[in-house]
Amino acid sequence: MNTQIVKRGFKEELQDVFIANLAEGQNEHSPAAVSHFVGSDEVTIRSTNQRSYGSIPINGRESLKLLRDAMIEICRMEGIE
């Protein structure tokens, strides 16, 4: 997995964006990318195999915690450490 932090936005309001994906050189709009505006409570997940669905934004700290806990449990069920 490749990760990077880049500046995005207008000149007056640049924000750091954390990007995680499976291929080097891709950005937050690439398939399989997970992006997060640093300091916000929002994460966007892009689909690799369901292109018609595009990206799924996850908003709010409680929703992020729920997503985290669900992903941890799914990984345990699948034997992913």
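The salt bridge (charged side-chain N to carboxylate O under 4.0 Å, His left out) analysis of residues 26-37, with sequence neighbours excluded, yields the pairs R8-E28.
Applying the side chain to side chain donor-acceptor pair (under 3.5 Å) test to D16 and every residue at least two apart in sequence or in another chain returns K7. In this view, E73 and R76, M77 satisfy the side-chain contact (heavy atoms from CB on, under 4.5 Å) rule, not counting sequence neighbours. In terms of the side chain to side chain donor-acceptor pair (under 3.5 Å) criterion, R68 has no residue partners (sequence neighbours excluded).
V43 is connected to M71 through a chain of hydrophobic side-chain contacts under 4.5 Å among Ile, Leu, Val, Met, Phe, Trp and Tyr, so both are in one cluster.
Atom CD1 of I74 is separated from atom CD1 of I80 by 9.5 Å, given to the nearest 0.5 angstrom. Within the model, atoms OG1 of T3 and CD of E24 stand 10.5 Å from one another, a figure rounded to the nearest 0.5 Å. Put simply, CG on L22 and OG1 on T48 are 8.0 Å apart, with the number rounded to the nearest 0.5 Å.
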Contacts table for residues 29-41: side-chain donor-acceptor under 3.5 angstrom, sequence neighbours left out:
unit_1	atom_1	unit_2	atom_2	d
H29	ND1	R46	NH2	3.3
S30	OG	N27	N	3.0
S30	OG	N27	O	3.3
S30	OG	N27	OD1	3.4
H36	ND1	E42	O	2.8
S40	OG	F37	O	2.7
S40	OG	E42	N	3.3

Please list every donor-acceptor pair under 3.5 Å in which a side-chain atom of residues 56-65 meets a protein atom from a residue at least two apart or in another chain.
unit_1	atom_1	unit_2	atom_2	d
S63	OG	N59	O	3.2

